[in-house]
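Single-structure report; data block below.
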Amino acid sequence: MRLVFAGTPEPAVPSLRALLESGRHEVVAVVTRPDAQAGRGRHVVRSPVGALADEHGIEVLTPARAGDPAFLARLTELAPEACPVVAYGALLPQSALDIPVHGWVNLHFSLLPAWRGAAPVQSAIRAGDEITGASTFRIVKELDAGPVFGVVTEKIGPADTSGALLGRLAESGAHLLLSTMDGIEDGTLRAAEQPAEGMSYAPKVTVEDARVSFADPAAAVDRQIRAVTPEPGAWAEFRGERFKLGPVTVVDEPGPPPGELVVERKRVLVGTATKPVRLGEVQASGKKRMAATDWARGTRIEEGERLR
């Protein structure tokens, strides 16, 4: 089929690559978010999807809004039969949805109707789900509510961060999206309406959402930190300044009060509402990321001091 691919961040790259390498479909253009400043030098850079398209000499469209008349006119000229989408990052108006004959087909990283919205992987980990996956569906006006073509499932491991889990889903999801395009072209695949039961929402995770509450049970603290690793990154306050936290390990023994630090020779513990957790990597304000034990050796931590 003749395709226009829409996507922006790194997790969308495996899907675009799979379509380019399929030998069956023609990606005639890519739609991605406009180039943005990044890094310490604030240099303007192409999105990961745009960069891959540039490597293959594919036209890159970067509309400020998907409803811009010039973009809609160019999309009409390109005449795509379908528009596969992975984490594009902008709303698509009906005027754009109506252009391809087979519609816009989104790869979403959850088992719909669970975790509709911007942060499905983070939400699944934080909720303690044991199984998640990816779904391909036809985009409609309502958020992530369109009929589903297919799914793949993925087990959530006890140490999975959102970054690690999303990396696996990006790869398995790429195969799902490719097979969905194949099935649509063959006429052998029909989308089924989502069930009314099991619906949940996954709003965008903010920096404030990543602040750790050690008044929660240890299992919840562990899941919260893994859910926001690597982005936006878990944090608490130590001595009135932001203190960044990597994944922790729940320790099956009695511990100090919530948030209180206990420094031992080979480990640093923090109390929660239940069991303590052992800190892994941390980053104090103005310092490099390091093992918690190395940080503790260089910090005079007084008895009773807490992460808040």
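None of these values were measured; they are calculated from a predicted model.
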Steps toward side chain to side chain contact (heavy atoms under 4.5 Å, CB included) verdict (V262, E264): CA-CA 7 Å; V262 174; E264 300 177 353; 4.2 Å; yes
Evaluation steps, side chain to side chain contact (heavy atoms under 4.5 Å, CB included), between T249 and V277: CA-CA 5 Å; T249 304; V277 295; over 6 Å; no
Audit row: R24, M1, side chain to side chain contact (heavy atoms under 4.5 Å, CB included) steps and yes/no: CA-CA 7 Å; R24 178 169 180 174; M1 280 194 299; over 6 Å; no
V27 and V4: CA distance, side-chain angles, deciding distance, side chain to side chain contact (heavy atoms under 4.5 Å, CB included) verdict: CA-CA 6 Å; V27 180; V4 170; over 6 Å; no
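Side chains of S47 and T32: a donor-acceptor N/O pair is present below 3.5 angstrom, by distance only. Looking at Q122 and R226, their side chains never bring a donor and an acceptor atom within 3.5 Å of each other. No side-chain donor from either of S179 and D182 sits under 3.5 Å from a side-chain acceptor of the other.
The distance from atom CZ of R223 to atom CG of D129, rounded to the nearest 0.5 Å, is 9.0 Å.
When atom types are taken as modelled, the side chain of E21 and the backbone of L16 share no donor-acceptor pair closer than 3.5 angstrom.
Remark: aromatic rings of W295 and F243 are close, center separation under 6.0 Å.
L92 and F5 fall into different hydrophobic clusters, defined by Ile, Leu, Val, Met, Phe, Trp and Tyr side-chain heavy atoms under 4.5 Å apart, directly or through other members. Taken together through direct or relayed side-chain contacts under 4.5 Å among Ile, Leu, Val, Met, Phe, Trp and Tyr, V60 and V31 form parts of separate hydrophobic clusters.
You'll find the side chain of V49 reaches within 4.5 Å of the side chain of V30, heavy atoms only. With contacts defined as side-chain heavy-atom distances shorter than 4.5 Å, the pair K244/V282 does not qualify. The closest side-chain heavy-atom distance from E305 to F238 is below 4.5 Å.
Between R74 and D68 there is no salt bridge, since none of the side-chain N atoms of the basic residue sits less than 4.0 Å from a carboxylate O of the acidic one. Salt bridge absent: D160 and K155 never bring a charged side-chain N and a carboxylate O closer than 4.0 Å. Salt-bridge formation is not detected for the pair R308/E237: no Lys NZ or Arg NE/NH1/NH2 atom is positioned less than 4.0 Å from an Asp or Glu carboxylate oxygen. Here R242 does not pair with E208 in a salt bridge; the nearest charged N to carboxylate O distance is not below 4.0 Å. Taking the charged nitrogens against the carboxylate oxygens, D252 and K275 do have a contact shorter than 4.0 Å, which makes a salt bridge. One finds a salt bridge joining R2 and E26 here, because a Lys/Arg side-chain nitrogen approaches an Asp/Glu carboxylate oxygen to under 4.0 Å.
Contact record, T132 with S110: OG1-CA, 4.1 Å, taken as the closest heavy-atom pair.
Environment of CZ in R278: sparse, with no more than 12 heavy atoms of neighbouring residues, nucleotides or ligands closer than 6.0 Å. Heavy-atom neighbours of L91 CG from other residues, nucleotides or ligands within 6.0 Å: at or below the threshold of 12.
Partner of S135 under the side chain to side chain contact (heavy atoms under 4.5 Å, CB included) criterion, chosen from T180, V151, L107: V151.
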